[in-house]
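Every number for a ligand or one of its atoms is a count from 1 in the order of the listing.
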Amino acid sequence: MKIAFIGLGNMGGGMAANLVKAGHEVHAFDLSADALAKATEHGCQTHTAVPDAVAGVDAVVTMLPNGGIVKAVYTSDVIGKAPAGALFLDCSTIDVETAREVADLARQGGYEMVDAPVSGGIAAANGGTLTFMVGGPQAVFDKARAVLDPMAKAVIHAGESGAGQVAKMCNNMLLAIHMIGTCEALAMAQKAGLDPQKFYEISSKSTGYCWSLNDYTPAPGIGAASPADNDYAGGFASALMLKDLRLAMAGASGAGATVPLGEHATKIYETFVEAGNGGKDFGAIFTTL
Ligand code: NAD
């Protein structure tokens with residue numbers, strides 16, 4: 001397939017490379033010259049404007065920072081410029097309303113579109129092991145699989161347009177809550193005189209087990225390898241977790257959902273990021289306890 005890929009940052013760079021490895025012809029665009037140079041190294045054909053990248057393609061994948069940028073890119077440079085009938089896949093994490101609005105605009109322009117946000121981070125983007133949560137009609141989901149499979153360990157149809165973004169905001173709210181809980185339990189065990197490694201061994205095999213404790217232990221030198229072992233460099237930045245929590249709080253408010261722990265987690269990450277820690281991995285909340 002001929003695929004345009006727009007947004008070749010930490011996530012998009014590796015994802016586009018995996019599409020090339022799978023035999024697709026990838027036409028790449030990013031505002032950053034560095035990102036374009038890396039895409040060339042990975043076998044993408046690069047372009048200096050979005051309309052050139054989307055000309056003649058079967059599908060357009062976007063992996064962009066936020067909903068405002070996603071809407072601007074599609075309305076200015078993709079809708080009406082890509083061939084009629086092309087499939088659009090937005091893999092960015094954005095708000096549900098914008099995802100639905102852009103999908104509607106795409107349909108009105110004669111295109112098919114899914115929202116397909118991801119879970120997994122940069123290592124999974126590079127390794128082709130992301131989990132995609134996909135919103136859109138069943139028939140469009142079936143077509144989208146051919147594009148998503150080479151980048152994925154799992155591709156799950158969440159429901160109609162916007163359902164992928166609903167899944168993503170709920171998942172990341174849950175992740176923030178169990179990460180903070182894991183940090184609290186590890187710090188408390190240590191302060192109460194229990195070797196935190198022992199606490200890890202016990203709780204990871206008890207009812208306290210969860211991904212944050214078992215697979216991404218946020219205390220340095222304890223349990224599973226994680227950015228905690230590297231002074232919280234790399235991993236999933238606290239600023240990005242705060243972005244996702246803000247999307248979740250807006251989504252909860254729109255849906256009339258009661259999310260007291262989600263609200264509290266948002267405040268905790270707000271305080272942490274405002275203190276200058278936005279670039280640190282989100283497990284660094286441990287250092288505040
Ligand atoms: P990033 O900032 O590394 O990459 C974004 C890229 O988009 C940059 O290269 C930037 O130059 C480019 N860009 C910005 N505006 C553009 C425009 N108008 N046209 C073309 N390119 C433009 O961000 P990232 O970490 O790759 O995240 C991308 C998306 O994936 C975000 O929505 C993020 O929330 C989501 N996400 C990130 C992770 C993660 O671990 N980093 C995990 C899951 C989901």
What atoms of ligand 1 come closer than 4.0 angstrom to any heavy atom of Phe236?
40 (O)
Is it true that Glu160 and Arg100 make a salt bridge, defined as a side-chain N closer than 4.0 Å to a carboxylate O?
no
Could you grab the distance from atom OG1 of Thr131 to atom NZ of Lys153, nearest 0.5 Å is fine?
4.5 Å
Whether Asp58 side chain and Lys2 backbone form a donor-acceptor pair below 3.5 Å
yes
Suppose I only count heavy atoms of Val73 and a 4.0 Å limit; which atoms of ligand 1 are within that range?
18 (N)
Is there a polar contact between ligand 1 and Asp244, counting only N or O atoms under 3.5 Å apart?
no
Nearest non-hydrogen protein atom to atom 30 (O) of ligand 1, with distance, is Met63 CE, 3.1 Å
Check each of Gly7, Pro65, Ala39 against atom 5 (C) of ligand 1 and report the one with the nearest heavy atom.
Pro65
Among all the protein's heavy atoms, is there at least one whose distance to atom 23 (O) of ligand 1 comes out below 4.0 Å?
no
May I ask whether atom 2 (O) of ligand 1 is less than 4.0 Å from at least one protein heavy atom?
no
Starting from atom 40 (O) of ligand 1, which protein heavy atom do you reach first, and at what distance in Å?
Gly121 CA, 3.5 Å
One should read off an interatomic distance between Phe199 CZ and Ile222 CD1, to the nearest 0.5 angstrom, of 11.0 Å
Side-chain donor/acceptor of Asp281 to backbone N/O of Ala237, under 3.5 Å:
no
Which atoms of ligand 1 sit under 4.0 Å from any heavy atom of Phe29?
19 (N), 20 (C)
Which one holds for Lys168 and ligand 1: side chain close, backbone close, both close, or neither close, with close meaning a heavy atom under 4.0 Å?
side chain
Check whether any side-chain heavy atom of Glu274 sits under 4.5 Å from a side-chain heavy atom of Glu270, and report yes or no.
yes
Could you tell me whether some N/O pair between Met11 and ligand 1 is separated by less than 3.5 angstrom?
yes
Can you pull out the closest protein heavy atom to atom 4 (O) of ligand 1? Residue, atom name and distance to 0.1 Å, please.
Gly9 CA, 3.3 Å
Is there at least one pair of N or O atoms, one from Thr93 and one from ligand 1, spaced under 3.5 Å apart?
yes
Which atoms of ligand 1 have any heavy atom of Ser92 under 4.0 Å away?
32 (O)
Look only at interatomic distance and state if Lys243 has a nitrogen or oxygen under 3.5 Å from any nitrogen or oxygen of ligand 1.
yes
How long is the straight-line distance from CG of Leu89 back to CD of Glu112, given to the nearest 0.5 Å?
10.5 Å
Shortest heavy-atom approach to atom 8 (C) of ligand 1 - which of Ile122, Asp30, Asn66, Leu64
Asp30
In sequence, state the C-alpha distance, the side-chain angles, and the governing distance for Phe282 and Tyr216, and then conclude on ring pair (Phe, Tyr, Trp, His ring centres under 6.0 Å).
CA-CA 11 Å; Phe282 78 122; Tyr216 205 88; 5.7 Å; yes
Would you compute the distance between atom CG of Leu242 and atom CD1 of Ile268 and round it to the nearest 0.5 angstrom?
12.0 Å
Polar side chain donor-acceptor pair, Tyr74 to Asp90, under 3.5 angstrom
no
Determine, for Lys38 against Glu41, whether the closest basic-nitrogen to carboxylate-oxygen distance falls under 4.0 angstrom.
no
Using heavy-atom distances only, which candidate in Leu31, Asp77, Thr62 approaches atom 15 (N) of ligand 1 most closely?
Leu31
